[in-house]
2 protein chains.
Amino acid sequence: MVAYVSDSFKKEIVQRMFRNFLDIMILNIVQDEPTWGYQIIKHVEEKYDIRLRHGALYPLLNNLERKQLLKRRKEAKGGRVRKVYEITSKGIQVVIAFNEFLQDYLQEQNTKTGI
Amino acid sequence: MVAYVSDSFKKEIVQRMFRNFLDIMILNIVQDEPTWGYQIIKHVEEKYDIRLRHGALYPLLNNLERKQLLKRRKEAKGGRVRKVYEITSKGIQVVIAFNEFLQDYLQEQNTKTGI
DNA sequence: TGAGATATGTCCCAAAGGGGACATATTGTA
DNA sequence: TACAATATGTCCCCTTTGGGACATATCTCA
């Protein structure tokens, strides 16, 4: 846990989200559209202003593939290797479970604070 | 990361949520109504079927108080000590930041998957 | 009076995880 | 031709975290 400072509250949350639920964040991104490691790093950097370490990402992608949450659709080449990942039905289930929990959680928040 | 098995997906998510965002989960519970450590443990066990270790919770509560996210309202006694916590305005900001991120995140999910 | 529930405190060891470094190869561009 | 960007792989050390244990005190009920 880091010090909470007014404006950086949200930034802090996003960072923790990516630190602790990186696998699910990745699944979400890949679900949106098939993509590859390097692009995921660029995407997250651009959208969330967060720097993912490739040293953490690539092993994770291989891991998710081993668990059959992702599948490597093709290796688009040109002399250069590129692993394009696609989400599996099992992967989608994980994303759905996550989203449902969040939905239930927020639902409660709303009923408590009066819509 | 643990193996994802169909039915236990959601359970798994809840556990990770409490493991990784325990502070915010606690802030939420306290925001709902002022309460104390022992009751939080019972509450979480009952509602989520998750066992919080008091060895982790009590230091965290003291920590949240030191950071002024919680304040100890009173020590209701009877010879026995009980620390009743209340959320602070700073604590509420953290909860709001968290909820807003989740809201934005789910919003995107919905627009992507069609409403 | 003795056991179980209530209530909180603190500490330590082992496991996990992340940051950073080391490594390699191709493509484009100045 | 040389550097920056693209693209992925792997490893290690250090910090963080959790689980479990040790500790204490009161209250209630059988």
Side-chain angles (χ1 to χ4, degrees), chain A residues 1-3 12 14-26 29-30 34-46 48-67 70-86, chain B residues 1-4 11-12 14-26 29-30 34-46 48-67 70-86:
Chain A
M1 243 171 9
V2 188
E12 180 63 31
V14 177
Q15 271 168 345
R16 285 180 65 182
M17 215 63 190
F18 272 91
R19 187 166 8 265
N20 299 310
F21 289 96
L22 183 58
D23 55 339
I24 293 180
M25 292 294 110
I26 299 305
I29 292 168
V30 175
T35 183
W36 59 96
Y38 193 82
Q39 205 183 43
I40 290 173
I41 290 171
K42 294 293 162 194
H43 173 77
V44 170
E45 203 170 326
E46 198 183 300
Y48 298 99
D49 192 28
I50 283 178
R51 197 167 142 239
L52 296 185
R53 322 271 148 186
H54 76 270
L57 183 61
Y58 290 122
L60 177 61
L61 285 171
N62 290 325
N63 204 305
L64 291 174
E65 195 193 353
R66 223 174 309 123
K67 286 182 180 163
L70 289 182
K71 61 186 169 208
R72 196 170 27 179
R73 196 181 45 159
K74 58 177 179 183
E75 311 200 7
K77 297 188 193 180
R80 173 188 292 176
V81 183
R82 184 195 274 177
K83 293 184 169 184
V84 178
Y85 290 96
E86 212 177 335
Chain B
M1 245 170 6
V2 187
Y4 300 105
K11 179 68 186 269
E12 181 62 30
V14 177
Q15 271 169 346
R16 283 180 65 183
M17 215 63 188
F18 272 91
R19 196 177 348 276
N20 299 311
F21 288 98
L22 183 58
D23 54 341
I24 293 179
M25 292 295 111
I26 297 306
I29 292 168
V30 175
T35 185
W36 59 97
Y38 193 83
Q39 206 183 44
I40 290 173
I41 291 172
K42 293 295 162 191
H43 174 78
V44 170
E45 203 171 326
E46 198 183 301
Y48 297 99
D49 193 26
I50 282 177
R51 197 167 142 238
L52 297 186
R53 321 270 149 187
H54 77 271
L57 182 62
Y58 290 122
L60 177 60
L61 285 172
N62 290 325
N63 204 305
L64 291 174
E65 195 194 352
R66 222 175 311 124
K67 286 182 179 162
L70 287 183
K71 61 185 169 210
R72 193 171 31 180
R73 198 181 41 158
K74 58 175 178 181
E75 308 199 12
K77 296 187 192 180
R80 173 188 291 174
V81 182
R82 183 195 275 176
K83 293 184 170 184
V84 177
Y85 290 96
E86 212 176 335

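Note on naming: letters A, B, ... go to the chains in the order of the sequence lines (proteins, then strands), and numbering restarts at 1 for each one. All values below were derived from every heavy atom in this structure, side-chain atoms included, with hydrogens, water molecules and symmetry-related copies excluded.
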Nearest-angstrom distance from the residue atom [atom1] of [X] to [atom2] of [N]:
X	N	atom1	atom2	value
Leu60(A)	dG18(C)	CG	P	9 Å
Phe21(B)	dT17(D)	CZ	P	12 Å
Asp23(B)	dG18(D)	CG	P	10 Å
Asn63(B)	dT10(C)	CG	C1'	14 Å
Ile50(A)	dG18(C)	CD1	P	13 Å
Ile40(B)	dT6(C)	CD1	C1'	15 Å
Arg53(A)	dC12(D)	CZ	P	20 Å
Asn20(B)	dT16(D)	CG	C1'	12 Å

Among residues at least two apart in sequence or on other chains, which ones pass side chain to side chain contact (heavy atoms under 4.5 Å, CB included) with [X]?
X	value
Pro59(B)	none
Glu86(B)	Pro34(B), Lys71(B), Arg73(B)
Asn20(A)	Arg16(A), Asn20(B), Phe21(B)
Arg53(A)	Arg51(A), Ala56(A)

- Message: Would you say that Leu64(A) contacts Val30(A) through its side chain, given a criterion of any heavy-atom pair below 4.5 Å between the two side chains?
- Response: no
- Between Arg19(B) and dG18(D), is there a side-chain N or O to OP1/OP2 distance below 4.0 Å? no
Taking only nitrogen or oxygen atoms into account, show me every contact under 3.5 Å that the protein makes with nucleotides 5-8 of chain D, one pair per line with its distance.
unit_1 : atom_1 : unit_2   : atom_2 : d
dT6(D) : OP2    : Tyr38(A) : OH     : 2.7
dT6(D) : O5'    : Tyr38(A) : OH     : 3.4
dT6(D) : O3'    : Arg80(A) : NH1    : 3.2
dA7(D) : OP1    : Arg82(A) : NE     : 3.0
dA7(D) : OP1    : Arg82(A) : NH2    : 2.2
dA7(D) : OP2    : Trp36(A) : NE1    : 3.3
dT8(D) : OP1    : Lys83(A) : N      : 2.7
dT8(D) : OP2    : Gly37(A) : N      : 3.4
dT8(D) : OP2    : Tyr38(A) : N      : 2.8
dT8(D) : OP2    : Tyr58(A) : OH     : 3.3
dT8(D) : O4     : His54(A) : NE2    : 3.4

- Task: Identify, with sequence neighbours excluded, every residue that meets salt bridge (Lys or Arg N to Asp or Glu O under 4.0 Å) alongside Glu45(B).
- Result: none
- Between Pro59(B) and Leu22(A), which is nearer to the 5' end of DNA chain C once each is assigned its nearest nucleotide? Pro59(B)
